[in-house]
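Since this is a predicted model, take the numbers as computed values, not measurements. Residue numbers begin at 1 in each chain, while the letters A, B, ... track the order of the sequences.
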Amino acid sequence: MNQGVRDVGTDLHYEISQFLYKEAYLLDHRQYLDWLELLTDDIKYVMPLRVTVDNKKETNLINEMTYFTDTKEDITMKVERLYTKSAWVENPAPRQRHFISNVMIEPTSVVDEYCVRSYFLFKRSRASEINTEELFGEREDIIRRVNGEWKIAQRTVYPDQAVLTVMNLSMFL
Amino acid sequence: MNQGVRDVGTDLHYEISQFLYKEAYLLDHRQYLDWLELLTDDIKYVMPLRVTVDNKKETNLINEMTYFTDTKEDITMKVERLYTKSAWVENPAPRQRHFISNVMIEPTSVVDEYCVRSYFLFKRSRASEINTEELFGEREDIIRRVNGEWKIAQRTVYPDQAVLTVMNLSMFL
Amino acid sequence: MNQGVRDVGTDLHYEISQFLYKEAYLLDHRQYLDWLELLTDDIKYVMPLRVTVDNKKETNLINEMTYFTDTKEDITMKVERLYTKSAWVENPAPRQRHFISNVMIEPTSVVDEYCVRSYFLFKRSRASEINTEELFGEREDIIRRVNGEWKIAQRTVYPDQAVLTVMNLSMFL
Amino acid sequence: MKAEELQQIKEKVEEGYLPQWVVTDPEIYKLEQERIFGTTWLFLGHESELHEPGSYITRMMADDPILLMKNKTGEIKAFLNSCTHRGTRLCTEDFGKKKTHTCPYHGWSYNLDGELIGIVAGNKVYGEKMDKSEWGLRPVPRVESYQGMIFGNLDHNAVSLEEYLGEMKWYFDIMLGRSDGGMEVRGLPQRWVAKANWKMTSENFAADPYHVQTTHRSAVEMKLTPTDPLYASFGHQVVLSDGHGINVITSATGKSANKYQGMPESMWPMFEKNLNNEQLDIFSRVTTFVGGVFPNLSFLSSCSGSEGTKHNHLQFRVWRPLGPDKVEIWVWYMIDKALPEDYKEKSYKGFLATFGAAGTFEQDDTENWARIIEASQGRMSRDRKLNYNNVANYLMGLDNLEPDVKFPGPGTAYPTCYTDHIARSMHKYWLELIMNESRGEGCGD
Amino acid sequence: MKAEELQQIKEKVEEGYLPQWVVTDPEIYKLEQERIFGTTWLFLGHESELHEPGSYITRMMADDPILLMKNKTGEIKAFLNSCTHRGTRLCTEDFGKKKTHTCPYHGWSYNLDGELIGIVAGNKVYGEKMDKSEWGLRPVPRVESYQGMIFGNLDHNAVSLEEYLGEMKWYFDIMLGRSDGGMEVRGLPQRWVAKANWKMTSENFAADPYHVQTTHRSAVEMKLTPTDPLYASFGHQVVLSDGHGINVITSATGKSANKYQGMPESMWPMFEKNLNNEQLDIFSRVTTFVGGVFPNLSFLSSCSGSEGTKHNHLQFRVWRPLGPDKVEIWVWYMIDKALPEDYKEKSYKGFLATFGAAGTFEQDDTENWARIIEASQGRMSRDRKLNYNNVANYLMGLDNLEPDVKFPGPGTAYPTCYTDHIARSMHKYWLELIMNESRGEGCGD
Amino acid sequence: MKAEELQQIKEKVEEGYLPQWVVTDPEIYKLEQERIFGTTWLFLGHESELHEPGSYITRMMADDPILLMKNKTGEIKAFLNSCTHRGTRLCTEDFGKKKTHTCPYHGWSYNLDGELIGIVAGNKVYGEKMDKSEWGLRPVPRVESYQGMIFGNLDHNAVSLEEYLGEMKWYFDIMLGRSDGGMEVRGLPQRWVAKANWKMTSENFAADPYHVQTTHRSAVEMKLTPTDPLYASFGHQVVLSDGHGINVITSATGKSANKYQGMPESMWPMFEKNLNNEQLDIFSRVTTFVGGVFPNLSFLSSCSGSEGTKHNHLQFRVWRPLGPDKVEIWVWYMIDKALPEDYKEKSYKGFLATFGAAGTFEQDDTENWARIIEASQGRMSRDRKLNYNNVANYLMGLDNLEPDVKFPGPGTAYPTCYTDHIARSMHKYWLELIMNESRGEGCGD
Ligand code: FES
Ligand code: FES
Ligand code: FES
Ligand SMILES: [Fe+3]
Ligand SMILES: [Fe+3]
Ligand SMILES: [Fe+3]
């Protein structure tokens with residue numbers, strides 16, 4: 001990522017980072033149906049495993065097994081489920097917060113598609129528990145402009161832990 | 001919060017987010033008197049309770065009881081107190097840090113007043129304690145331009161925990 | 001830090017904050033040699049001690065003793081060491097994440113040199129450990145433009161804890 | 001826990017000392033859990049928190065989650081908040097309104113009386129031995145109220161709440177029963193976690209007006225409180241039964257600048273109707289009531305605001321132990337239903353400014369509570385042989401104070417609040433309980 | 001731990017109850033560590049995870065880090081992952097390939113058979129007494145496999161794995177041995193930490209189809225599963241030896257809409273070759289196999305996807321206890337090597353959608369597991385004298401079910417899966433082990 | 001803790017083994033707290049840290065917070081940092097200067113001699129029994145110094161510091177007493193928390209030059225240290241009394257390329273004045289002194305920088321146990337007051353580059369210390385019956401080394417540093433202390 005080069009400029013960066021913040025806001029306020037609108041129909045939404053390996057290995061990410069590999073249809077199903085009367089895991093709803101930072105944007109070979117990297121720190125507070133849950137890492141998105149509106153066309157979530165310390169992944173990241 | 005619409009633009013967003021960072025900086029460096037200058041005289045500074053309720057309830061925030069409901073006068077009193085010789089809670093001072101992110105700004109019906117949402121992660125380290133304290137959630141501000149200077153005209157702090165895990169709320173959020 | 005005054009403007013702030021994010025990205029992806037390129041040859045890289053003292057004292061930072069006081073040469077040595085076969089502490093590599101926020105920039109008396117303050121939250125996950133490590137505080141940098149490229153000419157890292165809760169400081173901050 | 005160790009605590013306590021090691025000792029903590037929190041009356045909430053049939057709130061009794069429900073007949077019942085099938089926590093909400101509580105694990109459902117009313121496929125899959133009526137929610141053995149204050153007790157054989165409160169009732173009548181319609185809780189309790197031992201926080205409220213002059217000196221610097229270090233000492237410290245106690249604080253003159261704690265005159269007729277002469281006498285002269293019901297309920301009724309425009313507020317607080325060095329603080333703000341709204345608002349603001357997690361008084365208390373923990377975890381402070389004279393000092397008023405027999409209220413009243421009489425009586429009762437092997441036996445690990 | 005307390009557990013368990021206090025009790029936990037996890041067969045991994053000589057994976061047996069290596073001859077060996085010199089963890093990686101493992105502290109190195117082959121300056125600095133051959137990595141006393149499933153046992157005198165698995169082998173043959181080439185693990189296991197007790201999670205899989213109708217009711221609301229609350233009850237719950245058990249779930253008709261769990265016809269000849277008639281009969285009619293190998297290995301073989309296009313997948317999971325109230329969950333996804341790639345993909349997607357940390361079924365399970373912990377930590381739930389009737393209910397099928405002698409498979413089969421037979425047998429075996437003082441003695445604190 | 005278990009440790013230790021379970025065992029840890037940290041001399045700080053009357057620093061003795069003050073007469077006194085009234089931590093600052101320390105709870109104040117000099121309203125509220133002179137800060141029973149090094153001891157009956165240090169004094173004289181004006185601490189100690197057991201970290205410094213060749217091999221790869229794996233072995237390992245020990249490391253030639261550890265010639269006359277011939281001989285040939293004072297004080301005096309321009313620095317470090325698996329590391333950097341500023345700077349830079357939280361040598365040590373913990377918490381490593389040969393190896397030099405009687409310094413010197421002699425002597429002394437029931441009795445839980 002050499003400096004300056006292929007820089008998208010202030011305005012576009014602002015637009016897209018605002019888009020990510022608004023996305024986070026929708027999730028944190030459980031406006032899941034509105035959130036769904038931000039995803040393209042061909043979205044690829046994947047969370048690989050992080051592992052501990054010798055540095056000689058080129059990567060410490062496992063794509064063969066993931067925590068989820070979802071299509072729009074899969075995500076829609078999960079969202080609808082959260083609106084059922086018996087999605088116990090989120091009723092009563094825990095409080096969740098997506099701290100999004102270090103947003104970096106690069107153009108791609110496709111017009112109107114941008115590669116957007118961001119760091120996430122996710123925190124969750126359940127019922128009256130003293131101990132809150134936490135998850136952190138990096139997201140690599142493809143953000144696409146579709147008739148003037150930004151959409152997420154691809155998201156890969158890279159957790160930083162080999163053993164996740166959240167009791168489940170009922171949240172969207 | 002539909003996309004793009006009522007967007008305030010790059011420069012204003014920069015100005016106001018810088019204002020929030022500078023505000024955090026003043027607090028984290030205990031420049032409380034300077035910080036007071038950033039508040040309008042009619043500021044409403046409130047922190048409601050977060051509770052755990054059935055999702056059917058329209059909100060999990062309690063406004064009837066709060067952690068504080070302060071006017072400028074109340075805040076001034078608290079600030080002055082921190083400069084007394086016997087405000088033991090902050091002498092010696094713990095180290096505090098306000099991580100401000102996800103800043104989202106919208107115009108209001110009032111000229112020169114903007115609705116500013118931000119996420120906060122507050123951390124505090126006291127004396128030689130191994131365990132640091134943490135508080136996180138969302139802030140909803142009204143930021144007003146008063147003769148070319150930004151001021152906080154209203155701040156509502158929404159904690160994400162039903163049971164706070166800080167030993168007190170001696171900090172400003 | 002009075003408002004608005006000596007403001008660097010949106011574009012420069014964008015450029016430099018992007019520079020900091022890219023720097024963090026290189027570190028978090030262990031591209032240490034590329035990272036070295038971002039440092040000027042005369043860089044001063046220092047991390048003083050934080051202590052707990054009576055508020056009457058003008059500072060709670062100790063510059064006489066530091067965690068490190070590195071020149072480019074010192075840093076280069078540390079980087080090269082991380083590429084040896086026996087830098088056990090980072091092989092296998094822990095996952096690290098630099099959350100950079102609250103970026104504040106001011107011009108200095110020197111042309112093309114800016115004083116850049118940022119907050120950092122550093123997280124590290126080692127092997128399969130359930131407990132992750134954390135370090136947080138503030139950075140005060142001098143960022144210099146050298147033939148159109150940004151470089152770090154000085155960095156002072158202020159930790160917020162008097163007793164650090166990371167098992168070592170093998171990371172760069 | 002060796003018998004001689006307890007014996008030695010006894011001797012020290014009688015002399016006005018408290019061995020420092022008992023503050024944070026894990027074995028002592030276990031005894032406390034078993035013999036104190038398992039056998040005394042613990043505050044659960046106020047009747048005004050349960051508005052109508054179906055209303056429920058969830059609370060904790062030490063480490064047991066409790067579900068309080070108002071049933072069809074308006075009765076308030078308390079149960080272990082744990083499904084009898086496999087123990088799943090039935091309700092994780094703080095409050096709400098429901099006709100039926102259904103468990104998310106296998107769907108068993110319970111009515112407002114805690115009766116098991118629904119078992120999925122029950123008749124089909126269960127046999128004879130399964131008798132629904134035996135599987136209702138487990139009731140808290142004893143649940144009783146006084147002046148709207150609901151208490152629970154895990155000990156079936158405990159004395160009645162009223163007997164336990166004893167003469168404290170007389171003071172509760174003033175604080176809670178003075179006005180028609182009684183008191184109401186505003187919203188919900190504030191809750192947060194502090195580094196503190198429950199005994200020290202309880203003492204701080206029930207027995208320690210002496211700390212005010214230093215811990216809260218910033219209020220003096222701010223000119224909110226008198227400069228005379230004795231200002232919180234005027235009045236009486238009243239020792240009551242079973243470790244309860246109350247400080248009836250007034251001024252140097254023995255009068256309050258604000259009759260009836262600054263209550264509006266419109267309320268006075270009510271007071272005069274609901275209270276007897278002795279109660280009125282005290283109420284008219286008191287500036288602050290501060291005290292506690294053993295083990296971990298504290299209260300404060302005081303006035304805030306600038307002179308002349310003082311407003312009274314009442315707060316109750318529970319120090320729920322999360323360990324020897326940690327408490328979950330619950331603070332309820334209460335106010336007379338009958339008061340005009342604007343007075344309530346001012347009173348509420350006065351409360352927030354001084355107490356609760358952000359209150360300026362409370363902040364400095366939390367610092368001191370934490371410091372007690374920090375200095376009570378090593379060998380010198382924890383040595384059980386007291387080789388280092390590691391005992392705390394409770395000698396105040398030990399040999400230089402006589403009860404004031406002319407004090408109009410019940411209990412043994414000493415003519416100053418700067419004395420450790422209540423603290424010493426708390427220690428004696430605390431010790432009596434933890435030394436009593438017959439109490440709370442049956443408690444595990 | 002008093003003998004009468006264990007005795008009382010015994011009586012309760014025989015009546016179909018489980019005292020709630022045993023779930024989170026630390027003393028019980030210590031006994032479990034010592035007498036169960038120290039003496040039973042614990043799952044380590046699948047042979048397909050070790051591809052070639054030098055391949056290694058690191059696993060945990062309770063709190064012991066284990067290094068599994070495939071040696072030159074293709075044998076798989078398991079060792080305590082701790083350098084014999086000073087105990088340093090030898091390998092902190094999850095997997096990889098190496099000829100030699102060298103310790104980062106002083107450089108001692110070990111070969112694929114765990115033999116100490118290198119000591120820096122050894123000959124120069126060590127004397128006679130130092131005999132390299134005595135300082136190889138400490139082997140896990142017993143390591144045995146069945147159908148590619150590798151288990152380890154810390155007890156030298158344990159019965160063989162096959163004897164321990166007993167009749168479970170017959171069912172493993174169906175799930176693991178049905179197709180040529182056997183099964184393969186996809187990638188690595190998912191791992192995460194949940195608030196739960198290992199006994200409750202093990203029961204949840206091995207013995208509790210009854211929870212499906214409520215815990216997973218959202219699937220009904222989503223029209224993914226039948227509305228009949230009995231839908232998960234059809235079929236047989238089969239009690240096996242030593243606390244093992246399996247639920248053979250089918251439909252109301254006793255048939256599955258998808259023969260052989262929706263496996264493609266191309267595979268059927270293999271099945272018919274590798275399985276006997278009884279196994280084929282069951283396999284052809286089953287919709288879901290769900291069960292467990294005591295103490296903490298669970299498995300689920302089910303179909304996902306919309307009707308008609310169901311795809312089968314197999315998952316194994318270990319509930320590694322991190323304390324009485326915490327488990328580290330390991331989930332392995334397995335699939336028949338012989339299957340066509342696109343089927344594998346669909347099967348994998350079906351698995352992810354329903355189970356694993358993000359699976360919609362699993363999510364609600366984790367909520368319930370956490371709630372059991374939350375309601376089992378106080379005095380009422382933990383009272384060892386059971387003064388509060390604090391016992392969980394395992395009465396289902398206790399007195400109204402007879403074994404179905406016509407069931408073709410081994411074990412004692414009951415004609416419904418809505419019964420607590422397996423749970424009761426798990427409790428009995430669990431208790432037999434923790435009451436057996438001769439087991440795992442020698443374990444410290 | 002069974003007697004036979006301690007007995008068995010004894011046997012193993014005598015043979016040169018250390019049962020792995022003792023590293024992280026909580027019962028052992030409790031014995032250590034009581035019988036070692038409660039009865040041995042613990043390092044508190046250096047006299048140069050307290051500049052003038054009123055200067056104070058706060059330190060920890062295991063879990064006790066200690067306040068060190070320099071009084072009017074320049075004497076340094078140490079007290080439990082806990083107000084005698086109710087135990088509140090008196091001073092939470094790391095250092096400073098005050099005439100009086102006032103407690104924030106009730107305002108009691110103490111002077112530089114720890115005397116209670118102020119009680120708010122004391123005369124008015126306290127009676128006869130309250131005798132101020134009895135309520136001064138509790139002194140650390142024994143506080144003594146040697147060469148500016150201040151130690152404290154919680155045991156009133158401990159032998160004197162000098163007697164305890166014994167022959168270590170001779171080496172302290174070289175490192176601390178060589179130059180006029182003595183040493184000064186630069187700034188304050190670095191502090192951080194590592195995953196480690198205090199015994200293992202103490203051993204690492206006092207007894208383990210053998211680890212250098214592998215743990216710090218990166219320095220070899222960086223061409224900063226010799227390639228010969230024996231390079232850290234040259235010289236002598238000197239076993240001293242009571243578990244103390246020092247490694248006097250030199251080069252293969254027995255000489256150092258930098259006389260007097262690279263100290264500037266301007267200093268040599270001082271050395272020759274302050275040290276005797278044997279000390280000078282050693283000092284002139286040594287490259288590195290590394291050793292420890294039992295239980296948890298370590299030191300390292302070495303040279304950093306590239307050949308030719310080596311600069312010496314001295315560091316002391318305390319491994320404060322926070323549990324069996326956690327230490328708080330304190331590192332003091334010291335340098336001769338008399339040295340020229342630019343040398344001091346270079347020396348300081350050399351220290352930072354190699355040691356302290358960010359030092360490249362230290363980093364890899366922390367990794368190994370953590371790995372010992374990680375592999376020492378399970379049943380195989382913790383089995384007290386040693387069924388799994390779970391013992392660590394300390395056989396180096398056991399049967400192939402004779403003392404070098406010609407070594408000029410005191411203590412038993414072995415002609416190489418690659419030996420476990422000091423480690424074995426530390427184990428013996430450690431065991432002697434934890435087996436001695438008369439030590440530190442009276443310590444609670
Ligand atoms: S645990 Fe509540 S229904 Fe089964
Ligand atoms: S501990 Fe492994 S070589 Fe020494
Ligand atoms: S505790 Fe220090 S003055 Fe009371
Ligand atoms: Fe107070
Ligand atoms: Fe389930
Ligand atoms: Fe080292």
Side-chain angles (χ1 to χ4, degrees), chain C residues 24-36 67-68 70 74-99 121-136 161 163-173, chain E residues 44-45 56-68 81-83 85-109 118 120 188-196 198 318-331 357:
Chain C
Y25 184 91
L26 291 176
L27 288 174
D28 296 340
H29 290 72
R30 309 180 58 73
Q31 300 173 23
Y32 295 124
L33 293 174
D34 299 339
W35 175 74
L36 263 186
Y67 290 105
F68 50 78
D70 288 348
D74 298 321
I75 300 169
T76 305
M77 192 275 283
K78 286 181 174 175
V79 163
E80 284 169 357
R81 196 191 85 84
L82 288 175
Y83 289 98
T84 62
K85 288 198 302 300
S86 45
W88 314 112
V89 66
E90 299 224 346
N91 186 9
R95 279 73 57 181
Q96 56 186 346
R97 195 64 57 189
H98 292 72
F99 295 93
L121 171 64
F122 173 86
K123 290 193 159 278
R124 186 164 66 174
S125 169
R126 179 178 167 281
S128 297
E129 267 185 44
I130 301 306
N131 303 312
T132 56
E133 294 180 297
E134 183 172 271
L135 205 63
F136 58 94
Q161 293 167 284
V163 180
L164 306 185
T165 50
V166 284
M167 62 192 260
N168 56 53
L169 289 173
S170 71
M171 79 295 293
F172 297 101
L173 292 165
Chain E
L44 286 169
Y56 62 88
I57 51 176
T58 57
R59 297 290 150 92
M60 298 296 290
M61 287 176 74
D63 296 324
D64 283 303
I66 304 298
L67 173 61
L68 284 101
N81 186 2
S82 177
C83 177
H85 182 226
R86 299 288 159 90
T88 306
R89 181 172 182 146
L90 183 60
C91 178
T92 56
E93 298 149 25
D94 291 324
F95 72 99
K97 183 164 179 298
K98 281 181 186 171
K99 275 200 195 55
T100 312
H101 286 268
T102 301
C103 178
Y105 202 171
H106 307 89
W108 286 22
S109 55
V120 178
L188 287 155
Q190 286 188 9
R191 282 185 291 164
W192 76 100
V193 174
K195 188 179 185 183
W198 72 272
V318 163
W319 316 100
R320 180 167 86 94
L322 299 183
D325 57 358
K326 232 183 190 188
V327 289
E328 184 178 76
I329 305 178
W330 294 61
V331 182

Applying side chain to side chain donor-acceptor pair (under 3.5 Å) to C/E129 and C/S125, what does each step give before you reach the verdict?
CA-CA 7 Å; C/E129 267 185 44; C/S125 169; over 6 Å; no
(request) Hey, could you give me the CZ/CG distance between C/R124 and C/N131, rounded to the nearest 0.5 Å? (result)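 CG of C/N131 is found 13.5 Å from CZ of C/R124.
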Side-chain heavy-atom pair C/Q161, C/L135 within 4.5 angstrom cut-off
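A side-chain contact exists here, since the closest heavy-atom pair is under 4.5 Å.
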Notebook entry, point to check: Given side chains that start at C-beta, do those of E/R320 and E/D63 come closer than 4.5 Å, heavy atoms only?
Noted result: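 A side-chain contact under 4.5 Å exists here.
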NZ/NE/NH1/NH2 to OD/OE distance under 4.0 Å, E/D94 and E/R59 =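 Salt bridge: no.
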Answer yes or no: are there more than 12 heavy-atom neighbours, outside E/K326 itself, under 6.0 Å from its atom NZ?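 12 or below, so no.
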Positions in residues 82-98 of chain C that reach chain E, provided some heavy atom is under 4.5 Å away:
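Expected list: C/W88, C/P92.
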